[in-house]
Amino acid sequence: MKKRFLQNVRFAPAPSPFVQNDFFHLKTKAFLIHKLSESTNLFLTSLLHTLTLKIGFASDTFTVNHLINRYVKLREINTARKLFDEMPEPNVVSWTSVISGYNDMGQSQTALCMFQEMHEDGYVSPNEYTFASVFKACSALAELRIGKNIHARLEISRCRGNTVVSSSLVDMYGKCNDVEIARRVFDSMIGYGRNVVSWTSMITAYAQNARGHEAIEIFRSFNASSTSDRPNQFMLASVISACSCLGRLQWGRVAHSVVTRSGYESNNVVATSLLDMYAKCGSLSCAEKIFLRNRSDSVILYTSMIMALAKHGLGKAALELFEEIVAKRIKPNYVTLLGVLHACSHSGLVNKGLEYLNTMNEKHGVTPDPRHYTCVVDMLGRFGRVDEAYDLAKTIEVGAGQGALLWGALLSAGRLHGRVDIVGEASKRLIQSNQQVTSAYVALSNAYAVTGGWEDSESLRLEMKRSGNVKERACSWIEIKDSVYVFHAGDLSCDESGEIERFLKDLEKRMKERGHRGSSSMITSSSVFVDVDEEAKEEMVNLHCERLALAYGLIRLPVRSTIRIINNLRMCRDCHEAFKLISEIFERKIVVRDVNRYRFKSESFDAKGLNEIACKK
DNA sequence: TTAGGGTTAG
């Protein structure tokens, strides 16, 4: 502190003639602070700022801290920073206020730089408030390495064992995808107390890392604990999000009843999570009801509905909703445009999709990024324009994670359309960047085999075996009347497989009768080639024929209940409804890596657990 | 006696 004081002392303002004595000084200071705390506009705050300088409080840390906080609240971070830089003796509150201000402005990187500066300055030590703010910045940036370093610093400080700091740590590890450490921190909190925020952080950590069962287990433990806290909108939104990632409609419905009983049904964030849950669990009609009941100017609510329609193959409706956003002057963001492109991709509106990509910056102020381009590559690839997809993919600069999505999309397109050259190129790119290595090896090996390169194919298989890249058997699951059935890829031991095959052949025949020129081998090869005029494409959108091929891969697999799915399909009045049902089945299809773990969880915990909470008084 | 943590679309 001394160094900073000496540096600034010659610039410190001379004592003001207004400061006559201690009593006057204290009264004036109290008046200023009181007025500052009441000030909600920039004009008044600037006036009080001028007054603070005039009457000689520019060196008073406490008063200047109030000023800084007022500017932070008004989102005037540059003014706040300027004030901070001119302070002769900033204390920990001054530092934390500016760090927190940068967080609020979304400038998390600057917040972290400031924390480092504070450390190097060495005159002020961080306290609980500072650590909580800094972990929040790490969360926003998903900076695991820096977060761990600061966590180590926390452990040797006197600030460990604080509920707020630990909650922010749980959140940070969750956002950085290290759920195990998040859980360890959460468990350690039992010694000094958890509150509704700590529990919510843990639920969110599980939900955001696709571990819905554990998220719901934590929610159940929270309700069974002795805490007097009740679930609030933050916690409920996360619980619903956990139900979404599980794709289990029954659980989602029970969670919805908890929301209704808690009185949070009209909360905008909760409503958005409900909408998303219903859409992901296959009930588009319920999603629409939630949307209509809560229609507001929220871009996230609109975007969720656009995504829901897009995923259900209703591209035209999704685009109409987007036009409504534009007409209402709600500013779309990059996710909204992703939804629009997704809608075009899943509905065969290829040229429309390209038009949106090329005009989104000019018309909507959203610059296309690799995620948008990947969506368009996927769209072109799905509809046979593989060369265009490849040409576009080559022009996009991506990091490793995004590259996996981009080249993964091209790999699928190459496989779907039998383009060995594209499969080879995409596989090589994926292997080089160490992404999706197993799938890429398999695809590349198959590509070599198709072109007669048996030696290359064999050596690749050996290489896979040596490096431990063994492909896991894919599986899917489906929920029927509160039970979950797991399906294994390639298992044809089903008694009803003949009947299923006959049924699907019949569906294909009826589809052709309605004028669709799909591939004659659509069912057997799981490929759909589209070469139809615009009108037919529109109809194809409604029939979800691309999904039929994929759904076939799901329902041909053996479980006793498969026959019940077929019976449900038969109850449909025509093949349009049947396709919709197949599509819904497909929407709930989730590939899991660890089947045994999932089975164990699904047996040990069912919707009754949530029901108990729903009925709790 | 100023400063701190958790939610929804992707």
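A, B, ... follow the sequence lines: proteins, then strands. Residue 1 opens every chain.
- With hydrogens and angles ignored, no donor-acceptor pair closer than 3.5 Å exists between the side chain of A:N195 and the base of B:dG6.
- In this structure, the CE atom of A:M305 is 12 Å from the C1' atom of B:dA9, given to the nearest Å.
- Using a 4.0 Å heavy-atom cutoff across all strands shown, A:S298 reaches no nucleic acid atom at all.
- You'll find that the side chain of A:S201 is closest to B:dG6, out of B:dG4, B:dG6, B:dA9.
- The side chain of A:S304 approaches B:dA9 more closely than any other nucleotide in the set B:dT7, B:dG5, B:dA9.
- Under the 3.5 Å distance criterion, with hydrogens and angles disregarded, no donor-acceptor pair is assigned to the side chains of A:S241 and A:S273.
- Close to B:dT7, at under 4.0 Å from its OP1 or OP2, lies a side-chain N or O of A:K175.
- Taking atom CG of A:D104 as the reference point, atom P of B:dG5 lies 7 Å away to the nearest angstrom.
- Look at CZ on A:F57: it is 15 Å from C1' on B:dT2, rounded to the nearest Å.
- Aromatic ring centres of A:F322 and A:Y302: separated by at least 6.0 Å.
- Counting non-hydrogen atoms under 4.0 angstrom, A:V170 reaches nothing in the nucleic acid.
- To the nearest angstrom, P of B:dT8 lies 15 Å from CG of A:N333.
- Within a 6.0 Å sphere centred on CD1 of A:I190, other residues, nucleotides and ligands contribute 12 heavy atoms or fewer.
- For A:H66 and A:F62, the distance between ring centers is under 6.0 angstrom.
- Summarising the geometry, the separation between CG on A:N69 and P on B:dT2 is reported as 9 Å, rounded to the nearest angstrom.
- Contact check, A:S100 against B:dG4: a side-chain N or O comes under 4.0 Å of OP1 or OP2.
- With B:dG6, B:dA9, B:dA3 as the candidates, the nucleotide lying closest to the side chain of A:T303 is B:dA9.
- Side-chain nitrogen and oxygen atoms of A:Q208 include none within less than 4.0 Å of the OP1 or OP2 phosphate oxygen of B:dG6.
- The side chain of A:T200 sits closest to B:dG6 out of B:dG5, B:dT2, B:dG6.
- Whole-Å rounding puts the A:N294 CG to B:dA9 C1' distance at 15 Å.
- A donor and an acceptor atom never sit less than 3.5 Å apart when one is taken from the side chain of A:N103 and the other from the base of B:dG4.
- A straight line from OH of A:Y71 to P of B:dT2 spans 20 Å, rounded to a whole angstrom.
- Here B:dA9 is the nucleotide among B:dG5, B:dA9, B:dG6 with the atom lying nearest to any side-chain atom of A:K280.
- Considering only the side chain of A:V269, B:dT8 comes nearest among B:dA3, B:dT8, B:dG5.
- A donor-acceptor contact under 3.5 angstrom links the side-chain atoms of A:T272 to the base of B:dT8.
- For A:F186 and A:W199, the gap between ring centers is short of 6.0 Å.
- Side-chain N/O atoms of A:S167 and base N/O atoms of B:dG5 include a donor-acceptor pair closer than 3.5 Å.
- A:H372 and A:D369 share a side-chain donor-acceptor pair at under 3.5 Å.
- You'll find that the side chain of A:T204 is closest to B:dG6, out of B:dG6, B:dG4, B:dA9.
- One can place NE2 of A:H312 at 16 Å from P of B:dA9, the figure rounded to the nearest angstrom.
- Not a single donor-acceptor contact under 3.5 angstrom links the side-chain atoms of A:N127 to the base of B:dG4.
- A:V196 comes within 4.0 angstrom of a base, heavy atoms only.
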